[in-house]
Number of protein chains: 2
Amino acid sequence: MTAVLVIEDDDRIRLALLLALEEEGYSAYGAATAEEGLRRQRESPADNVLVDLMLPGLDGFECIRQLRRDDDVPIVVVSARDDTHDIVAALEAGADDYVVKPVAIKELSARLRALRRRGRVVVDAVPAQVFGDLEISAEAGEVRRAGRPVAVTRTEFRLLCELAEHAGRVLSRQQLLRRVWGYETGDERLVDVHVGRLRQKIEPDPANPRHLVTLRGLGYKLQR
Amino acid sequence: MTAVLVIEDDDRIRLALLLALEEEGYSAYGAATAEEGLRRQRESPADNVLVDLMLPGLDGFECIRQLRRDDDVPIVVVSARDDTHDIVAALEAGADDYVVKPVAIKELSARLRALRRRGRVVVDAVPAQVFGDLEISAEAGEVRRAGRPVAVTRTEFRLLCELAEHAGRVLSRQQLLRRVWGYETGDERLVDVHVGRLRQKIEPDPANPRHLVTLRGLGYKLQR
DNA sequence: GGTTCCATGACAGTTGTGTGACAAACGGCG
DNA sequence: CGCCGTTTGTCACACAACTGTCATGGAACC
């Protein structure tokens with residue numbers, strides 16, 4: 001379950017938020033001060049943090065900076081102030097979103113979901129992706145199975161990279177045609193053929209693929 | 001330089017946004033319709049997309065879905081409407097943020113920066129619907145029971161998704177025929193058969209279904 | 001007890017996928 | 001430039017999986 005930490009000094013608002021979040025299916029808990037919030041997040045990190053800007057003691061901006069210092073957790077500011085300066089300052093401090101009170105819980109929930117969809121901060125250069133005994137190194141342009149390099153052609157490599165980049169998700173033949181070949185339209189069987197060839201090279205038992213699987217009627221996906 | 005595509009039909013607003021974005025150091029260009037925006041994004045992808053909801057022809061929601069289908073570009077909705085339903089629907093469709101017009105350019109710019117900070121979608125984090133021990137992941141094209149993947153066919157999957165989308169509510173056979181099969185009319189027994197097959201796969205005891213239940217004379221529903 | 005409604009197994013027709021063969025296009029290289 | 005090995009895309013066929021129809025028997029309702 002997704003855990004949410006609410007840092008808000010007003011008891012009524014904090015409790016209302018917690019209840020509403022629980023209602024939405026989150027596991028929610030609160031902190032009345034920035035210090036307490038930071039401590040709780042250090043001890044048991046939540047998946048999302050909601051933070052008010054006007055807090056006694058350490059203020060919201062400083063709280064965001066400190067949270068951000070050792071954590072990529074999505075931070076949403078929930079504040080009564082809708083001043084552009086505050087919004088910009090909060091986002092610059094490291095917040096990911098800013099909503100103005102009073103806030104509809106459905107909206108908040110949707111924003112949290114949207115944030116979680118965007119993952120953590122990623123370093124640009126993905127050195128290598130690993131799928132079980134399969135390694136794909138985009139930089140080296142090389143594929144290995146069980147440590148041994150496997151010779152794949154350019155098209156096969158691009159196809160594999162595309163699937164790897166969206167690992168775990170189905171990609172339709174149309175999408176693959178567009179993204180690997182740049183075709184807006186074309187014969188979808190082309191994808192089948194290359195998937196087949198790729199399987200011959202990267203799957204121990206090509207007839208029973210473990211990584212590059214078919215989803216009948218949908219497309220293909222690469223799984224770990 | 002960071003490129004921003006602005007999809008907005010109102011010429012004055014679009015130009016104002018473009019100018020303001022240029023001022024902020026972006027390379028900005030526009031499209032007056034969803035179709036044009038989609039085409040431009042396909043041909044030369046921008047780093048961010050701003051999109052209005054009320055567009056002639058293809059509307060903003062559909063535009064977002066299509067953008068999202070083959071691109072992880074951060075999408076920000078810029079709309080005059082501040083209705084919670086619109087906000088939730090846009091975020092669900094795949095938007096990453098939603099701001100209400102008139103918008104301060106400094107805020108918009110800060111939000112764009114915040115979004116770019118969060119990298120690409122982490123492919124593993126697939127949003128899945130959960131019903132007790134049952135998980136439905138549209139992106140992975142897969143259904144799991146108690147963590148184990150269950151092989152369901154395309155029709156079964158669509159049927160399950162339809163039921164999940166209206167979880168807790170009864171759907172008549174007619175409604176299911178229309179929504180899953182696209183039949184305006186047809187043999188209602190067809191639904192029975194597929195529900196039966198689905199039960200074999202997703203219910204621990206298919207004869208005593210816990211999730212996919214029959215409401216005699218009414219239809220079927222999926223409950224938690 | 002009669003009637004309606006639903007579950008299920010069997011079956012034939014259809015659709016989707018894997019694969020081998022082949023020719024065209026490509027890319028080094030002498 | 002002309003040669004040859006490699007890669008790429010097309011096609012056809014075989015096979016497996018899926019779909020929709022039907023018939024039967026059982027459960028729920030009145």
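If you're wondering where the values come from, they're calculated on a predicted model, not measured in any experiment. Below, all heavy atoms of this structure are taken into account, side chains as well, without hydrogens, waters or symmetry copies.
- Contact footprint of chain A on DNA chain D: nucleotides with an atom under 4.0 Å from a non-hydrogen protein atom, first to last in 5' to 3' order, D:dT7 to D:dC18.
- The side chain of B:Thr214 places an N or O atom within less than 4.0 Å of a non-bridging phosphate oxygen (OP1 or OP2) of C:dA7.
- With sequence neighbours excluded, no residue forms a side chain to side chain donor-acceptor pair (under 3.5 Å) with B:Arg197.
- With sequence neighbours excluded, no residue forms a side chain to side chain donor-acceptor pair (under 3.5 Å) with B:Glu22.
- A:Asp205 is linked by a salt bridge (charged side-chain N to carboxylate O under 4.0 Å, His left out) to nothing, counting only residues two or more places apart in sequence or in another chain.
- Annotation: ring-ring contact (aromatic ring centres under 6.0 Å, His included) contacts involving residues 132-170 of chain B, sequence neighbours excluded, are absent.
- In this entry the distance linking CG of A:Leu212 with C1' of C:dT17 reads 14 Å, nearest Å.
- For A:Arg199, there are no salt bridge (charged side-chain N to carboxylate O under 4.0 Å, His left out) partners at least two apart in sequence or on another chain.
- Rounded to an integer number of Å, the gap from B:Leu215 CG to C:dC6 C1' is 12 Å.
- A:Tyr98 pairs by the side chain to side chain donor-acceptor pair (under 3.5 Å) definition with A:Ser79, not counting sequence neighbours.
- For residues 142-164 of chain B, the set of pairs meeting the salt bridge (charged side-chain N to carboxylate O under 4.0 Å, His left out) definition, not counting sequence neighbours, comprises A:Lys221-B:Glu142, B:Glu142-B:Arg144, B:Glu156-B:Lys201, B:Glu162-B:Arg179.
- At a non-hydrogen distance threshold of 4.0 Å, B:Arg154, B:Arg173 from residues 152-174 of chain B come into contact with DNA chain C.
- A salt bridge does not link B:Arg14 with B:Asp9: none of the charged nitrogens is closer than 4.0 Å to a carboxylate oxygen.
- Contact annotation: A:Tyr220 reaches the phosphate of C:dG18 (side-chain N/O to OP1 or OP2, under 4.0 Å).
- Proximity of residues 188-201 of chain A to DNA chain D (heavy atom under 4.0 angstrom from any strand atom) is restricted to A:Leu190, A:Val193, A:His194, A:Arg197.
- In this structure B:Arg81 satisfies the side chain to side chain donor-acceptor pair (under 3.5 Å) test together with B:Asp86, sequence neighbours excluded.
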Show me the side-chain donor-acceptor pairs of residues 45-52 of chain B shorter than 3.5 Å, one per line, residues at least two apart or across chains.
unit_1	atom_1	unit_2	atom_2	d
B:Asp47	OD2	B:Ala3	N	2.7
B:Asn48	OD1	B:Arg116	NH1	3.0

